[in-house]
Engineer: 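One structure, pasted below without further comment.
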Amino acid sequence: MTGGQVAFGAVLRELRLARSLTIEGLSETSGISVRGIGDLERDRRAAPQRRTVAALADGLALGEPERERLLAAARSGRSSSYRPVGVRSFPRGVDDFTGRHRELALLAGWAGEAQAHPVVVAVSGSPGAGKTTLALHAARRVADGFPDGQLLVDLRGTHDSPPEPAEVVVTVLKALGTPDRELSKAGPRGLAALYRHVLADRRLLLVLDNARDEAQVRPLLPGAGGVLTVVTSRRMLTGLEGVHRLWLGQLGPEDAASLLAGIVGPGRAAAEPDALVDVAHRCGYLPLALRVAGNWLATRTGWTVRRLAERLAQEERRLDVLSAGDVRVAAAFDLSYRQLTPEAARVFRLLALVPGPDASAACAAVLTGHDVFDAEDTLEELVEAGLLGTEGSRYRLHDLLQLYARARLAEHEPVGDAERSKEDLYRWLLETAVTAGRWYEPDHGAPPAAWRGIVDLSSAEQAREWLQSEGTNWLTALRAASAAGRHTTVVEVAEALHWFSDQWIFWGHWAEVFGLAVEAARAREDPSAEATQLNYLAWAVLLCEARPRDSLAHSAAALAAAGRAGDLVQQAWSHQYSGWAHRLLGEADEAFAHVDAAAGLFARAGDVHGLLQTTFNRALMFEGAGRAEEAIEAFRETLHALEENADRIEPHVASMTRLGAYGGMGTALSRLERWDEAVAHFGRALGICREMGNTALESRELTELSAALLAAGRVEEARACLVSCVRLGPDADPQRVTMARERLMLLDAPDDRRDGP
């Protein structure tokens with residue numbers, strides 16, 4: 001004690017004896033343990049928190065002057081007799097902290113909870129995600145709420161010999177000022193009890209950094225007291241119960257660029273903003289990589305940012321470039337990779353063969369030759385180790401980790417074995433794409449009884465989900481098949497996906513798919529297949545890419561190829577697509593001529609599906625020409641044809657045509673200002689979209705329905721439709737989503753602006 005201050009323990013003992021109370025008696029009246037009171041009186045622990053002092057004062061039945069005396073002694077004890085380990089003694093490196101606003105807000109909230117009871121937060125993430133940096137930055141922000149100490153303990157979880165829990169317990173107790181005699185008295189068996197006792201009455205911030213696993217951490221978690229324990233680990237520590245969890249991924253693009261700018265300086269960042277964005281992107285927005293790149297530039301003032309961006313553009317050398325002094329991104333990955341089991345390490349390496357940004361357990365099973373359940377278990381081991389991220393049922397390698405896995409693959413896997421695994425994966429992707437796509441093809445539907453796939457394709461919806469989730473992967477496999485001259489396979493895949501393409505109109509790659517198939521058909525010298533694929537290409541350019549004039553060249557080429565093949569059906573389809581394009585271009589005479597030609601050819605060929613489409617297309621032409629009454633009658637003929645041929649029309653085709661007919665009638669009725677009828681027909685079309693899960697067409701029907709509702713004076717219903725359209729997600733028609741946003745802005749604008757342009 002200094003400056004005449006009186007120890008809290010002495011004051012407490014004096015007041016207790018003045019009331020003729022034993023320690024046991026005071027324990028009973030205050031609710032504070034006998035050992036706790038004894039330690040306080042002997043100054044074996046820091047002065048207590050205010051709530052403990054209040055409990056003791058109540059137990060002693062103190063009047064106001066004596067209560068204030070006890071509180072003053074406690075305050076004096078906290079400020080002088082106990083010297084906590086401060087946040088300022090933590091390692092440097094957080095002064096330029098950037099982003100993570102959500103995570104910091106959550107940690108601040110949990111710090112508030114820890115004032116009343118122990119709170120544990122497990123911060124996990126991939127190597128280099130900035131887990132320790134986040135923990136230290138958050139510790140600085142909430143330090144004032146933990147006056148009894150802020151401790152950082154490095155658990156060295158990635159080392160070959162990390163400390164055992166007992167060693168860490170001693171470290172913490174010593175840092176908190178526990179006398180050696182108390183440690184000796186407790187002995188190895190009593191350390192855990194002493195640890196819990198010392199922490200039980202403190203407001204303490206404890207950062208357990210770089211934990212190995214649950215077994216190392218679990219004995220270090222306090223059971224009482226106002227303690228916030230933040231555990232950082234590359235592992236997810238799934239076995240810990242009753243903890244808050246934070247998973248750190250990469251930074252957002254803006255935060256990543258801001259972090260880089262803060263390191264290289266505002267002048268250089270402002271001089272080359274595009275290059276800075278490129279560097280951030282090629283660092284995968286990973287904090288460690290961004291810091292390495294920033295430090296490299298900061299120490300090489302003669303370099304332009306663009307020069308580093310160009311070096312990072314070379315994927316095979318990117319990890320080598322991302323090193324600065326003794327800090328290497330690849331070294332951070334090494335620490336986690338070396339801790340994997342042999343099988344997990346092999347799966348990690350083979351995942352580098354997946355061409356897209358993510359993979360399913362089935363992909364991993366094909367690559368490894370294991371069954372799906374075993375592959376999934378191994379993938380989860382990689383997730384637990386922080387080397388894989390997840391999104392739903394998909395597994396994702398960070399961009400830099402994929403490069404690291406590729407390097408390990410080249411190092412450990414024989415070239416022939418890796419190539420065979422890749423070929424197996426690509427073959428499976430294309431075979432499964434064919435089977436899934438045929439759900440939507442006339443005369444196909446469900447997989448044949450003999451099919452033994454490793455994914456569930458027992459419904460059209462499951463087939464659609466598989467095709468969309470594996471889209472990047474099977475498209476890459478298709479490109480590889482085309483480059484390898486596997487022409488029959490390319491045509492087969494495109495043919496199988498033709499009708500499915502209606503379900504995913506704005507994917508963005510259908511013109512490429514059918515373009516590859518056109519090249520393959522020509523290489524096979526098969527004019528019928530060439531005509532078919534040219535017609536599909538015309539459709540993709542016409543509808544998916546909204547280029548009707550350009551599509552006419554493809555439908556004309558299809559007509560020529562179909563003529564050489566004597567293929568009446570494909571001649572008819574070429575006229576059908578040409579008519580569609582002319583209709584969209586406002587060239588009514590040409591449009592009707594082509595549709596009439598298509599109808600005649602479909603009739604000669606006995607093609608029910610084609611005839612149905614010409615009837616529907618003619619109705620659209622009447623509507624487009626402003627001939628609303630004739631359009632309504634033609635749409636009714638379309639619906640009647642559907643009913644008459646219900647047993648001959650493939651269900652998907654029937655649903656698409658019925659949807660178009662109801663939507664078209666809604667448009668024609670709107671022209672006639674028969675708003676209630678229009679609303680009813682748009683509503684039927686919208687219901688079919690939702691039954692089919694067709695987001696692209698749903699966005700179209702929502703905007704059409706909203707317009708009819710507004711015209712009918714049903715403003716709130718219209719607003720709800722527009723909000724639903726905006727929220728549909730990336731598979732919606734982008735033009736319709738933009739339209740919905742603009743209409744919502746007008747609805748929310750002042751009345752004098754609603755009639756503006």
Side-chain angles (χ1 to χ4, degrees), residues 498-499 501-502 505 511 514 518 527-642 644-645 649 653 656-661 663-665 667-668 671:
H498 164 231
W499 282 104
S501 59
D502 283 332
I505 294 172
F514 298 130
V518 168
S528 182
E530 180 186 348
T532 302
Q533 300 304 320
L534 278 164
N535 275 324
Y536 298 164
L537 178 58
W539 169 85
V541 173
L542 169 68
L543 180 60
C544 305
E545 299 186 357
R547 295 189 287 126
R549 182 67 69 192
D550 293 338
S551 77
L552 287 169
H554 300 304
S555 54
L559 182 61
R564 293 196 304 273
D567 189 328
L568 293 180
V569 171
Q570 291 308 317
Q571 291 178 52
W573 279 111
S574 66
H575 282 297
Q576 172 80 338
Y577 289 126
S578 294
W580 189 351
H582 284 297
R583 173 174 63 83
L584 293 179
L585 292 167
E587 298 164 354
D589 291 343
E590 293 90 337
F592 278 110
H594 278 291
V595 170
D596 288 343
L601 289 165
F602 280 132
R604 286 173 58 192
D607 189 316
V608 176
H609 288 91
L611 277 171
L612 178 66
Q613 295 308 306
T614 56
T615 304
F616 173 60
N617 206 1
R618 186 177 284 107
L620 290 174
M621 290 175 184
F622 282 132
E623 193 283 317
R627 297 157 63 176
E629 295 287 2
E630 292 170 277
I632 292 170
E633 183 58 33
F635 283 126
R636 286 176 176 155
E637 288 178 17
T638 303
L639 293 171
H640 180 68
L642 276 172
E644 279 194 332
N645 298 281
I649 302 294
V653 177
M656 287 292 294
T657 308
R658 189 173 290 110
L659 185 164
M665 289 180 74
T667 302
R671 285 186 181 275

Engineer: side-chain contact (heavy atoms from CB on, under 4.5 Å) for Leu620 and Trp580? Distances and angles first, verdict last.
Structural biologist: CA-CA 9 Å; Leu620 290 174; Trp580 189 351; 5.7 Å; no
Engineer: Ignoring hydrogens, what is the shortest heavy-atom contact between Ala562 and Ala531? Give both atom names and the distance.
Structural biologist: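 Nearest pair, atom of Ala562 first, then Ala531: N-CB, 3.5 Å.
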Engineer: Can you give me the closest heavy-atom contact between Gly579 and Val595, atom names plus distance?
Structural biologist: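 What the structure gives for the nearest pair is CA-CG2, 4.4 Å.
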Engineer: Out of curiosity, Tyr577 OH to Leu543 CG, how far, rounded to the nearest 0.5 Å?
Structural biologist: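 Result: 9.5 Å between the selected atoms.
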Engineer: With sequence neighbours excluded, tell me which residues meet ring-ring contact (aromatic ring centres under 6.0 Å, His included) with His609.
Structural biologist: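 Residues passing ring-ring contact (aromatic ring centres under 6.0 Å, His included) with His609: none at all.
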Engineer: Out of curiosity, Thr638 OG1 to Arg636 CZ, how far, rounded to the nearest 0.5 Å?
Structural biologist: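 The CZ atom of Arg636 is 12.0 Å from OG1 of Thr638, to the nearest 0.5 Å.
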Engineer: Can a side-chain donor-acceptor contact be found between Thr614 and Gln576 if the only test is distance below 3.5 angstrom?
Structural biologist: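 No - no donor-acceptor pair under 3.5 Å links their side chains.
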Engineer: Can you list the steps and then say if Ser551 with Trp539 is a side-chain contact (heavy atoms from CB on, under 4.5 Å)?
Structural biologist: CA-CA 7 Å; Ser551 77; Trp539 169 85; over 6 Å; no
Engineer: Determine the minimum heavy-atom distance between Ile505 and Cys544, stating which atoms define it.
Structural biologist: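 Answer, listing the atom of Ile505 first, then Cys544: O-SG, 3.3 Å.
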Engineer: If you measure from CG on Leu537 to CG on Leu542, what distance do you get to the nearest 0.5 Å?
Structural biologist: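 It comes to 11.0 Å.
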Engineer: Ignoring hydrogens and geometry, is there a side-chain-to-backbone donor-acceptor pair from Arg671 to Glu623 under 3.5 Å?
Structural biologist: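 The answer is yes, because a donor-acceptor pair under 3.5 Å joins these two groups.
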Engineer: Under the side-chain hydrogen bond (donor to acceptor under 3.5 Å, both in side chains) test, which residues partner Thr615, sequence neighbours left out?
Structural biologist: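 In terms of side-chain hydrogen bond (donor to acceptor under 3.5 Å, both in side chains), with neighbours along the sequence ignored, Thr615 is linked to no residue.
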Engineer: Do Met621 and Arg627 come close enough that some side-chain heavy atom pair is under 4.5 Å?
Structural biologist: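 Not in contact.
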Engineer: Could you list the residues that satisfy ring-ring contact (aromatic ring centres under 6.0 Å, His included) with His554, not counting sequence neighbours?
Structural biologist: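 ring-ring contact (aromatic ring centres under 6.0 Å, His included) check on His554 returns nothing, list empty.
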Engineer: Suppose we screen for salt bridge (charged side-chain N to carboxylate O under 4.0 Å, His left out). Which residues come up paired with Glu633, at least two apart in sequence or across chains?
Structural biologist: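 Per chain and number, Glu633 pairs via salt bridge (charged side-chain N to carboxylate O under 4.0 Å, His left out) with no residue.
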Engineer: Is the shortest heavy-atom distance from the side chain of Leu612 to the side chain of Asn645 under 4.5 Å?
Structural biologist: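 No, side chains not in contact.
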Engineer: I'd like to check the ring-ring contact (aromatic ring centres under 6.0 Å, His included) partners of Phe514; sequence neighbours left out, ordered by chain and number.
Structural biologist: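 Applying ring-ring contact (aromatic ring centres under 6.0 Å, His included) to Phe514 gives Trp510, Tyr536.
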Engineer: Listed by chain and number, what are the side-chain hydrogen bond (donor to acceptor under 3.5 Å, both in side chains) partners of Arg658, not counting sequence neighbours?
Structural biologist: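 Partners of Arg658 by the side-chain hydrogen bond (donor to acceptor under 3.5 Å, both in side chains) criterion come out as none, since no residue qualifies.
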Engineer: Sequence neighbours excluded, which residues qualify as side-chain hydrogen bond (donor to acceptor under 3.5 Å, both in side chains) partners of Asp607?
Structural biologist: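 side-chain hydrogen bond (donor to acceptor under 3.5 Å, both in side chains) list for Asp607, sorted by chain: empty.
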Engineer: Got a sec, which residues hit salt bridge (charged side-chain N to carboxylate O under 4.0 Å, His left out) with Arg604, two or more places apart in sequence or on another chain?
Structural biologist: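 None.
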Engineer: Can you tell me which residue pairs pass the salt bridge (charged side-chain N to carboxylate O under 4.0 Å, His left out) test with a partner in residues 563-577, sequence neighbours excluded?
Structural biologist: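 Listed by first then second residue: Glu530-Arg564.
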Engineer: Do Asp596 and His575 make a side-chain contact, defined as non-hydrogen atoms from C-beta onward lying under 4.5 Å apart?
Structural biologist: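 Sidechains of His575 and Asp596: no contact.
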Engineer: As an exercise, state the distance from CG of Leu601 to CD of Gln570, rounded to the nearest 0.5 Å.
Structural biologist: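 Those atoms lie 11.0 Å apart.
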Engineer: Quick one: closest heavy-atom pair of Ala668 and Ile632, and the distance?
Structural biologist: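 Taking Ala668 first and Ile632 second, the nearest heavy atoms are CB-CG1, 3.6 Å.
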Engineer: State which residues pass side-chain hydrogen bond (donor to acceptor under 3.5 Å, both in side chains) with Ser578; sequence neighbours excluded, sorted by chain then number.
Structural biologist: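 Scan of Ser578 (side-chain hydrogen bond (donor to acceptor under 3.5 Å, both in side chains), adjacent residues dropped) gives Ser555.
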Engineer: Can you give me the closest heavy-atom contact between Gly660 and Phe635, atom names plus distance?
Structural biologist: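 Heavy atoms of Gly660 and Phe635 come nearest at O-CE2, 4.1 Å.
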Engineer: Please name the pair of heavy atoms, one in Phe616 and one in Ala661, separated by the smallest distance, quoted to 0.1 Å.
Structural biologist: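 It is CE1-N, 3.6 Å.
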Engineer: Could you give all pairs that pass the salt bridge (charged side-chain N to carboxylate O under 4.0 Å, His left out) test and reach residues 583-595, with sequence neighbours left out?
Structural biologist: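 Non-adjacent pairs meeting salt bridge (charged side-chain N to carboxylate O under 4.0 Å, His left out): Arg549-Glu587.
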Engineer: Could you go step by step and tell me if Leu552 and Leu585 meet the side-chain contact (heavy atoms from CB on, under 4.5 Å) rule?
Structural biologist: CA-CA 11 Å; Leu552 287 169; Leu585 292 167; 4.1 Å; yes
Engineer: Please collect all salt bridge (charged side-chain N to carboxylate O under 4.0 Å, His left out) contacts where either partner lies in residues 571-581, sequence neighbours excluded, each pair once.
Structural biologist: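 Those involving residues 571-581 do not exist here.
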